[in-house]
Amino acid sequence: MKRLIWIGIIAFFCLQGMAQTTNKTVVVKKPTTTKQTVKKPVATKTTTTSKTATAKPTTTKPTTAQTAGNGKTDKTAFNEKTAASNQAQKENAAIQQTTGYLYNVPLPYLPQKLDVLFIGNSFSIDTSAALPSILSSLGINNVNVYVLYKGGCSMKQHYEFYKSNEKVYELYRYNSQGEVQLEKATSIKEAMQRFPYDVVVWQQYSLESGDYTTYEPYLSKLIQAYNITKLAARTTFAFNETWAYASNAKNLSKFKNQKNMWKSICTSVRKMKAASGIDIIIPCGTAVQNAREVEALKVDNELTRDGTHINYFAGRYLLACTFFESIIAPCLNRNLRDDTTIYGKESDTGQVNNTNRRLLQNCARLAVANNYEISEFAGQ
């Protein structure tokens with residue numbers, strides 16, 4: 001009987017333990033079920049959103065279409081960019097084949113004598129004409145600027161005349177004593193071999209100055225030709241940046257307007273500088289644009305006497321200042337501010353005097369400081 005009672009007690013406790021174990025298991029499962037319940041709503045929300053929310057699928061589909069559309073646009077843009085890049089590489093390769101790389105030696109410093117050859121046309125005469133007045137005013141007697149002149153002559157024509165050795169040029173000299181015509185008929189080859197020039201200045205025909213494709217391969221071939229015939233032990237090369245025509249010039253239509261012509265010239269000169277290594281620019285074009293922004297300097301037809309060539313007095317003085325500041329001043333360590341030139345008669349349109357001289361000097365100096373930008377300080 002006692003044994004039965006003990007068996008009953010043991011059985012009771014066993015059943016009680018099983019019940020507790022079962023309860024524990026339920027407790028353990030509940031959190032698991034809760035976690036699953038948490039996950040399910042997330043899944044349900046996602047599913048519900050994709051099934052019931054029509055706005056988002058609508059947004060998604062156009063986004064995909066737009067991406068596809070952009071893909072086509074991007075592909076087209078990529079192809080165009082690649083084509084442009086390939087074309088630029090071909091042009092650069094062509095330039096390198098014709099020009100190579102020029103190591104441009106620095107300008108001479110404090111030479112006993114400075115001889116400059118200017119190979120150009122009527123714009124080269126305009127650039128040099130007022131130099132004697134500046135040199136005389138400053139007492140500079142050891143500078144000679146020789147201008148080889150052929151009206152409207154382009155780079156291509158200079159090259160062709162070199163090959164043919166035709167005597168189609170006039171040769172002028174500008175120094176503190178004035179202007180002298182040395183030759184009425186000479187060749188470019190003869191002019192190159194006449195003196196041991198310290199500096200040679202190149203210039204393109206004004207109507208082609210804004211089109212770099214007209215520069216090469218002629219410029220590089222002329223440099224090569226000069227280098228094998230030169231008399232000087234060392235020569236520095238420079239380039240004269242021409243100016244844009246007046247707004248009413250008939251030939252301006254090629255560039256649409258004056259500012260575009262000037263910008264095209266600047267772009268071409270930049271390319272010339274990068275390709276050839278000629279790092280000394282005489283920025284006459286930018287100097288003229290500076291002056292055109294100054295009310296007190298508005299003479300003649302936007303500083304031109306015929307729409308293209310520069311005004312005889314204020315204009316030519318401005319160009320001479322630009323030449324002086326670019327080449328002569330750094331060679332001789334002289335300051336343009338010391339010039340007190342009175343250029344032209346009182347009755348001449350655009351006479352240079354104590355009223356406008358400093359303004360013209362400013363326009364030139366600012367252009368030399370920044371070859372390709374119109375300065376806000378030109379009128380100061």
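Keep in mind that the numbers below use all heavy atoms, side chains included, and drop hydrogens, waters and symmetry copies.
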Which heavy-atom pair separates Thr236 from Pro108 by the least distance, and what is that distance? OG1-CD, 4.2 Å
Heavy-atom neighbours of Lys254 NZ exceed 12 at 6.0 Å: yes
How about Gln203 and Thr242: does a side-chain donor come under 3.5 Å of a side-chain acceptor? no
As an exercise, state the distance from CG of Asp126 to SG of Cys284, rounded to the nearest 0.5 Å. 9.5 Å
Taking 4.0 angstrom as the limit, do Lys167 and Glu190 come out as a salt bridge? yes
Nearest heavy-atom neighbours spanning Asn301 and Gly307: ND2-CA, 4.0 Å
Give a yes-or-no answer on whether the side chains of Thr341 and Ser133 include a donor-acceptor pair shorter than 3.5 Å. no
Do Phe237 and Leu107 share a hydrophobic cluster, counting only Ile, Leu, Val, Met, Phe, Trp and Tyr and linking them when any side-chain heavy atoms are less than 4.5 Å apart? yes
Do Leu359 and Leu366 share a hydrophobic cluster (ILVMFWY, side-chain heavy atoms under 4.5 Å, transitive)? no
Asp339 vs Arg357 side-chain heavy atoms within contact, under 4.5 Å: yes
Step by step, would you call His158 with Tyr169 a ring pair (Phe, Tyr, Trp, His ring centres under 6.0 Å)? CA-CA 10 Å; His158 287 310; Tyr169 295 90; 5.7 Å; yes
With hydrophobic residues grouped by side-chain heavy-atom distances under 4.5 Å, do Leu131 and Phe313 end up in a single group? yes
Heavy-atom side-chain contact between Lys113 and Asn144 under 4.5 Å: yes
Glu302 side, atom CD; Gln289 side, atom CD - distance, nearest 0.5 Å: 8.5 Å
At what distance, to the nearest 0.5 angstrom, does NZ of Lys259 lie from CD1 of Ile374? 4.5 Å
Check whether the ring centres of Tyr174 and Phe323 lie less than 6.0 Å apart, and answer yes or no. no
Can you tell me how the ring of Trp202 sits relative to the ring of Tyr226, calling it parallel under 30°, perpendicular over 60° and tilted otherwise? perpendicular
Would a hydrophobic clustering, with Ile, Leu, Val, Met, Phe, Trp and Tyr connected at side-chain separations under 4.5 Å, put Leu332 with Val199? yes
Please find the pair of heavy atoms, one from Val288 and one from Leu303, that lie closest to each other, and give the distance. O-CD1, 4.4 Å
Using a 4.5 Å cut-off on heavy atoms from C-beta on, say whether the side chain of Met261 contacts that of Ile265. yes
Between Ser326 and Pro283, is there a side-chain heavy-atom distance shorter than 4.5 Å? yes
Ring of Tyr312, cation from Arg305 - is the NZ or CZ under 6.0 Å from the centre and inside 45° of the axis? yes
Taking every heavy atom of Asp348 against every heavy atom of Lys345, the minimum-distance pair comes out as OD2-N, 2.6 Å
Among Lys156, Met272, Glu208, Lys271, whose side-chain contact (heavy atoms from CB on, under 4.5 Å) with Tyr215 holds? Met272
Taken to the nearest 0.5 Å, the spacing of Asn240 CG from Ile282 CD1 works out to 5.0 Å
I'd like to know whether Glu241 forms a side chain to side chain contact (heavy atoms under 4.5 Å, CB included) with Thr286, so could you lay out the CA-CA distance, the side-chain angles of the two residues, the decisive distance to 0.1 Å, and finally the verdict. CA-CA 8 Å; Glu241 172 201 291; Thr286 301; 3.0 Å; yes
Single-linkage hydrophobic cluster Leu182~Tyr172, side-chain heavy atoms < 4.5 angstrom: yes
CD1/Ile125 to CZ/Arg316 distance, rounded to the nearest 0.5 angstrom? 8.0 Å
Given side chains that start at C-beta, do those of Leu318 and Cys363 come closer than 4.5 Å, heavy atoms only? yes
Criterion ring pair (Phe, Tyr, Trp, His ring centres under 6.0 Å) against Phe123, the qualifying member of Phe118, Tyr205, Trp243, Tyr149: Trp243
Please test Asn290 against Ser375 for side chain to side chain donor-acceptor pair (under 3.5 Å), starting from the C-alpha separation and ending with a verdict. CA-CA 6 Å; Asn290 278 338; Ser375 176; 5.3 Å; no
What I'd like to find out is whether the side chain of Tyr159 reaches to under 4.5 Å of the side chain of Ile188, using heavy atoms alone. no
Neighbour count above 12 (heavy atom, 6.0 Å) for Lys230 NZ: yes
Pair Gln351-Asn353, side chain to side chain donor-acceptor pair (under 3.5 Å): steps then yes or no: CA-CA 6 Å; Gln351 181 206 32; Asn353 49 42; 3.1 Å; yes
Check ion pair Glu325-Arg365 (N to O, under 4.0 angstrom): yes
Any donor and acceptor pair, going by atom type alone, linking the side chain of Arg234 with main-chain N or O of Pro106 inside 3.5 Å? yes
Between Asn104 and Ile278 (side chain of the first, backbone of the second, donor and acceptor by atom type, cut-off under 3.5 Å), is there such a pair? no
Which is it for Ser220 and Glu216 under the side chain to side chain donor-acceptor pair (under 3.5 Å) test, yes or no, and what are the steps along the way? CA-CA 7 Å; Ser220 61; Glu216 292 295 351; 2.9 Å; yes
Looking at side-chain heavy atoms only, is the closest gap between Ser154 and Thr214 below 4.5 Å? no
To the closest 0.5 Å, what do you measure between CD (Gln193) and CG (Leu117)? 11.5 Å
